[in-house]
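All of these numbers come straight from a predicted model, not from anything done at the bench.
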Amino acid sequence: MRDKINQDLKDAMKARDSAKVDALRMINAALKDKDIEARGAGKTLTEDDILALLQKMIKSRQESLDIYEKAGRADLADKEKGEIAVISAYLPQQLSEAEVAEAVKAAIAETGAASIKDMGKVVAALKAKYTGRMDFAKASAAVKAALNG
């Protein structure tokens, strides 16, 4: 994935697409920070770690986008939308709500979860299988609802 990001950065530079160049440089900087953090812990970044980082970046941009739209700052909102589009290109296809519900049911059955106390096990099972493909805030809410009711 890193090679693809770096190649896309070179292509964007050649095409003089400054918005895409800025977004890709931001991704690279975040990856380098995460590499340094992982190295300090004696680990290396896996593909799942990179996907989780990209999801976190999108979530951050989405929050900023909401704030800018409420404040009437269309220029900044457009910049955030562009960054979200660039980052999203590196994530796998997101699961639909129906697929998330099905994955939650399967994870509950797989872990043998019976009560809300088992929520952590279920969410961990989902993260192991679906990193980068689902919004875990929404998935956690679905798990909670399924275990409560």
Quiz prompt | Pair Ile67-Lys70, side-chain contact (heavy atoms from CB on, under 4.5 Å): steps then yes or no | solution = CA-CA 5 Å; Ile67 292 168; Lys70 286 178 185 168; 5.9 Å; no
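In the hydrophobic cluster analysis, where Ile, Leu, Val, Met, Phe, Trp and Tyr join through side-chain heavy atoms closer than 4.5 angstrom, Ile116 is grouped together with Leu126. Hydrophobic clustering (ILVMFWY, side-chain heavy atoms < 4.5 Å, transitive): Met57 and Leu31 are in one cluster. Cluster membership check: Leu65 does not share its hydrophobic cluster with Tyr68, using side-chain heavy-atom separations under 4.5 Å among Ile, Leu, Val, Met, Phe, Trp and Tyr. Hydrophobic clustering, with ILVMFWY side chains joined whenever heavy atoms are under 4.5 angstrom apart, groups Leu9 together with Ile84.
Between Met13 and Arg25 there is a side-chain heavy-atom pair separated by less than 4.5 Å. Residues Pro92 and Leu51 have side chains in contact (heavy-atom distance under 4.5 Å, counting atoms from C-beta outward).
Between Arg2 and Asp35, at least one side-chain N (NZ, or NE/NH1/NH2) sits under 4.0 Å from a carboxylate O, which counts as a salt bridge. Checked for salt-bridge contact, Lys121 and Glu110 miss the test: no charged N lies under 4.0 Å from a carboxylate O. Salt bridge absent: Lys20 and Asp22 never bring a charged side-chain N and a carboxylate O closer than 4.0 Å.
Tyr90 does not carry Lys4 over the face of its six-membered ring by the limits of under 6.0 Å from the centre and within 45° of the normal.
No hydrogens or angles considered: a donor-acceptor pair under 3.5 Å links the side chains of Asp11 and Gln7.
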